[in-house]
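Below you'll find the structure, written out as structure tokens, and then a few comments.
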2 protein chains.
Amino acid sequence: MDLNRTAKSIADDCIGYRIRMLSRIFSRMYDDALRPHGVRFSQMNILTAVVLKGPIQPVEIGRLLSLEKSTLSRNVRIMEENGWLKSEPVSSGVGHRLRITKKGERLYHAAAPAWRHAQSQIEKLLGAEGARAISRVADQIQENE
Amino acid sequence: MDLNRTAKSIADDCIGYRIRMLSRIFSRMYDDALRPHGVRFSQMNILTAVVLKGPIQPVEIGRLLSLEKSTLSRNVRIMEENGWLKSEPVSSGVGHRLRITKKGERLYHAAAPAWRHAQSQIEKLLGAEGARAISRVADQIQENE
DNA sequence: TTATGTAGGTTGCATATACAACTATAGTGG
DNA sequence: CCACTATAGTTGTATATGCAACCTACATAA
């Protein structure tokens, strides 16, 4: 097949290209809204996991978010340096568990409205049907993992 | 509202968290398939744009893929160093345009089957309905941008 | 013609992401 | 008790991503 035709079929079908583009667009919108609070969207996602499931081991967050352990190791370090998370050794066994600090809780409360603002912008862009479709797909993938 | 409740509502509704997770999962699958060819998925996306629209200015690729110009500046440099792209000055005016090289064309041809393999894995995961839903959403967002 | 603006690009800085290789620790089979 | 394996985590290396600040070349208004 000729090069141009190959490229066209790739561009037409490629789920990955579309997902990455959506990821960049939406992440920028969340990050814009969160910037005044000095926290990134990806960090909010980690904080959310810790709030809901903490104390929790990094490796477990990795499973929840499909994040590689080395990525998490570095991201968590930054958040500890910012004073949002603290870690405690696991009672018996290897590893440690993460908790949110008071400072982290204040940040989370303060930033939540900005998150909501970005979220409603995005829902407007997507429409209710589009938002539902994405949630459905994501939840289905997470099950099959 | 209490912290846990806030986090729960964020986790339940968050489109961005879902999109980022899908982006990581799918990108890993494409990258796994492409690794033997020494090219990354994000690079294939840029190559595809150049094949379809080249000669093309970086800033124009940025508009197509929603990529910041500084990101593109660096990504393109790596691809030039790899000998896949070459740039020529614009006849009149500032900036330059990118073309794919012979080596780039060979790479693209060689890597396309790997791309197709990952693509079909992902479509199986998503189901035809899920894949269509994502394409529909992405195309709609791109229009409204 | 000069001041101003605009568009394309690069660079400094920071974070995000993953793979590979490594360390440390716990559990398990001989 | 020892060798082996599996799990959690860290570190080296590389790419991806974006913002802010800057540079340059062109366009345009005063």
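Remember, it's a predicted structure, so these values are computed and weren't measured experimentally. Letters go in sequence order (proteins before strands), and every chain restarts at 1.
Here A:Ser42 reaches the OP1 or OP2 of C:dA16: one of its side-chain N or O atoms lies under 4.0 Å away. Distances shown here put a side-chain N or O of B:Arg20 below 4.0 Å from the OP1 or OP2 atom of C:dT17.
The distance from atom CD of A:Gln57 to atom P of C:dA26 is 13 Å, rounded to the nearest whole Å. Between the CG atom of B:Asn75 and the P atom of C:dT11 there is a distance of 14 Å, given to the nearest Å. Spacing between atom NZ of B:Lys69 and atom C1' of C:dA7 amounts to 8 Å, rounded to whole angstrom units. The distance between atom CZ of B:Phe41 and atom C1' of C:dA18, rounded to the nearest whole Å, is 15 Å. Between A:Met44 atom CE and C:dT15 atom C1' the separation is 17 Å, expressed in whole Å. Rounded to whole angstrom, the span from the OH atom of B:Tyr30 across to the P atom of C:dT17 amounts to 19 Å. A straight line from CG of B:Leu34 to P of C:dA18 spans 16 Å, rounded to a whole angstrom.
Between A:Asp12 and A:Lys8 there is a salt bridge, with a side-chain nitrogen of the basic residue lying less than 4.0 Å from a carboxylate oxygen of the acidic one. Using a 4.0 Å cut-off between charged nitrogen and carboxylate oxygen, B:Glu81 and B:Arg74 do not count as a salt-bridge pair.
Among the nucleotides C:dT10, C:dT17, C:dG8, the one closest to the side chain of B:Ser73 is C:dT10.
The hydrophobic cluster containing A:Ile25 also contains A:Leu126, counting ILVMFWY residues as joined when their side-chain heavy atoms lie under 4.5 angstrom apart, directly or transitively.
Here the side chain of B:Gln43 pairs a donor or acceptor atom with the backbone of B:Arg40 at under 3.5 angstrom. Looking only at distances, a side-chain donor or acceptor of B:Arg24 sits under 3.5 Å from a matching main-chain atom of A:Ser66.
Annotation: A:His96, atom NE2; neighbour count of heavy atoms from other residues, nucleotides and ligands within 6.0 Å is above 12.
Within the 4.0 angstrom heavy-atom criterion, only backbone atoms of the sugar-phosphate kind lie near B:Leu67; the bases stay farther away.
Mapping heavy-atom proximity under 4.0 Å, the span of DNA chain D touched by chain A runs 5' to 3' from D:dA8 to D:dC19.
Looking at which nucleotide of DNA chain C each of B:Asp32 and A:Ile78 is closest to, the 5′-most match is held by A:Ile78.
Between the side chain of B:Arg74 and the base of C:dG12, a donor-acceptor pair under 3.5 Å is found.
Between B:Ile100 and the choices B:Leu107, B:Ile46, B:Thr48, B:Leu47, the side-chain contact (heavy atoms from CB on, under 4.5 Å) rule is met once, by B:Leu47.
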